Amino acid sequence: MRALTLLGALALAATAPASAQESGWQFTLQPYLMLPTMNGKAAVAGIDADVNVGARDVFQNLNIGFLGYAEAAKGHFAFGVDFNYMNLDANADDSRVQANVAQTAVQPMLFYRVTEQLELLGGIRYNNIYLKLSSDAPAIDGRDRTKDWVDPILGFRFNSGLDRSVNFGLLANVGGFGVGSDLAIQVRPMLNFRVGSGITIDAGYQFVYMDYESGAGTDRFAYDVLTTGPIVGVTFRF
């Protein structure tokens with residue numbers, strides 16, 4: 001909800017770019033799409049299931065998804081929020097135990113500019129995972145659980161202009177540290193192509209790995225999944 005509120009506030013700010021420039025603030029809005037491939041394992045109520053969906057199966061398996069980024073920056077500091085939501089059936093049709101996965105991630109980050117090209121970042125990633133199993137076995141079919149946790153994250157953002165109209169960017173962070181996930185990694189290289197004043201078309205690739213486990217026996221919940229895939233989006237800066 002806070003991420004959506006921030007998105008709305010920044011959208012309203014776009015109607016007054018002159019005042020934003022006068023105050024020294026810079027704002028960024030970036031809606032984007034991802035074509036995910038997921039591989040790994042998950043467990044609900046102590047029952048393990050493979051999580052395996054290829055990029056060519058996404059359109060068949062994806063139920064709904066929304067991804068977006070918003071940022072406000074001034075001077076050496078910037079504050080951004082990345083919001084991801086995906087709901088998909090994450091198994092091949094021949095799996096003995098199939099899983100439906102609804103994954104929400106809200107990632108607020110504080111950036112500090114060290115050089116013109118390099119920023120350090122610190123923040124948190126709120127994760128909410130809903131897993132529901134389906135199977136021919138009555139003892140397994142319909143088992144579901146929702147789990148949420150918070151991972152601290154540390155990393156950097158690098159930007160470099162390749163020419164006047166193309167920019168290369170890299171966002172990378174690592175987190176969890178046993179506070180939430182045992183390990184959480186995000187790497188996102190991007191190319192930004194300028195198509196107008198303050199507008200770019202973006203293309204890149206994202207790698208997200210999460211290894212989280214809690215409980216034991218029939219209370220065991222686990223999510224050990226690598227999600228990768230190409231990203232396309234559009235960025236508005238004002």
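All of these numbers come straight from a predicted model, not from anything done at the bench.
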Undergrad: Group every Ile, Leu, Val, Met, Phe, Trp and Tyr by side-chain heavy-atom contacts under 4.5 Å, then state whether Val195 and Val166 land in the same group.
TA: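 No, because Val195 and Val166 fall into different hydrophobic clusters, even though each may have its own neighbours under 4.5 Å.
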Undergrad: Would you say Gln103 and Asn128 are linked by a side-chain donor-acceptor pair, where the criterion is simply a distance under 3.5 Å?
TA: no
Undergrad: Applying a strict under-4.5 Å side-chain criterion to I, L, V, M, F, W and Y, I'd like to know whether Leu120 and Phe77 cluster together.
TA: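 In one cluster: yes.
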Undergrad: Is any side-chain heavy atom of Met34 closer than 4.5 Å to one of Gln206?
TA: yes
Undergrad: Is there a side-chain contact between Arg125 and Trp149, using heavy atoms and a 4.5 Å cut-off?
TA: no
Undergrad: Looking at side-chain heavy atoms only, is the closest gap between Val234 and Pro31 below 4.5 Å?
TA: yes
Undergrad: Would you check if the distance from the ring center of Phe111 to the ring center of Phe79 is below 6.0 Å?
TA: no
Undergrad: How many angstroms lie between atom CD of Glu71 and atom OG1 of Thr28, to the nearest 0.5 angstrom?
TA: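 Taking CD in Glu71 and OG1 in Thr28, the distance rounds to 5.0 Å.
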Undergrad: Do Val187 and Phe156 land in one hydrophobic cluster if side-chain heavy atoms of ILVMFWY residues count as linked below 4.5 Å?
TA: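 Val187 and Phe156: one cluster.
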Undergrad: For residues Leu183 and Tyr209, determine if any side-chain heavy atom of one lies less than 4.5 Å from a side-chain heavy atom of the other.
TA: yes
Undergrad: Applying side chain to side chain contact (heavy atoms under 4.5 Å, CB included) between Tyr32 and each of Asp202, Val232, Ile231, report the one that passes.
TA: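 The passing option is Ile231.
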Undergrad: Are Tyr205 and Thr228 side-chain neighbours, meaning at least one heavy-atom pair lies under 4.5 Å?
TA: yes
Undergrad: Are Thr227 and Thr37 side-chain neighbours, meaning at least one heavy-atom pair lies under 4.5 Å?
TA: no
Undergrad: Answer with yes or no whether the side chains of Asn84 and Tyr69 bring together a donor and an acceptor at under 3.5 Å.
TA: no
Undergrad: So do Val106 and Asp82 actually touch side chain to side chain, heavy atoms under 4.5 Å?
TA: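 Asp82 does not reach Val106 side chain to side chain.
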Undergrad: If hydrophobic clusters are built by linking Ile, Leu, Val, Met, Phe, Trp and Tyr wherever their side-chain heavy atoms come under 4.5 Å apart, do Phe177 and Leu121 end up in the same one?
TA: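 Cluster IDs for Phe177 and Leu121 differ.
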Undergrad: For Asn167 and Arg194, does a side-chain donor sit closer than 3.5 Å to a side-chain acceptor?
TA: no
Undergrad: Establish whether Met190 and Ile201 are linked, either directly or via other cluster members, by ILVMFWY side-chain heavy-atom contacts under 4.5 Å.
TA: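 No.
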Undergrad: Can you tell me if His76 uses its side chain to pair, donor with acceptor, with the backbone of Arg113 under 3.5 Å?
TA: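 Side chain of His76 to backbone of Arg113, a donor-acceptor pair under 3.5 Å: yes, one is there.
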Undergrad: Hydrogens and angles aside, do Tyr130 and Asp148 bring a side-chain donor and acceptor to less than 3.5 Å of each other?
TA: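 Not at all, the side chains of Tyr130 and Asp148 share no donor-acceptor pair under 3.5 Å.
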Undergrad: CD1/Ile47 to CZ/Phe221 distance, rounded to the nearest 0.5 angstrom?
TA: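 Rounded to the nearest 0.5 Å, the CD1-CZ separation comes out at 13.0 Å.
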Undergrad: Out of the candidates Asn173, Asn127, Val179, Val174, only one should pair with Asp151 under the side chain to side chain contact (heavy atoms under 4.5 Å, CB included) rule; please name it.
TA: Asn127
Undergrad: Once you round to the nearest 0.5 Å, how far does CD of Gln117 lie from CZ of Phe168?
TA: 11.0 Å
Undergrad: Looking at Lys41 and Asp48, is any side-chain nitrogen of the basic one under 4.0 Å from a carboxylate oxygen of the acidic one?
TA: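 Salt bridge absent between Asp48 and Lys41.
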Undergrad: Okay, side chain of Thr115, backbone of Leu118: is any donor-acceptor separation there less than 3.5 Å?
TA: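 It does hold such a pair.
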Undergrad: Which label fits Phe27 and Trp25: parallel for a plane angle under 30°, tilted from 30 to 60°, or perpendicular past 60°?
TA: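 Rings of Phe27 and Trp25: parallel, as their planes differ by under 30°.
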Undergrad: Does a side chain donor of either Gln107 or Gln186 reach within less than 3.5 Å of an acceptor in the other side chain?
TA: yes
Undergrad: How far does CG of Leu170 sit from OG of Ser160, to the nearest 0.5 angstrom?
TA: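 Leu170 atom CG to Ser160 atom OG measures 11.5 Å (nearest 0.5 Å).
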Undergrad: Is there a side-chain contact between Thr200 and Arg237 (heavy atoms, below 4.5 Å)?
TA: yes
Undergrad: Among side-chain atoms of Tyr223 and Asp211, is any donor-acceptor pair under 3.5 angstrom?
TA: no
Undergrad: How long is the straight-line distance from CZ of Arg220 back to OG of Ser214, given to the nearest 0.5 Å?
TA: 9.5 Å
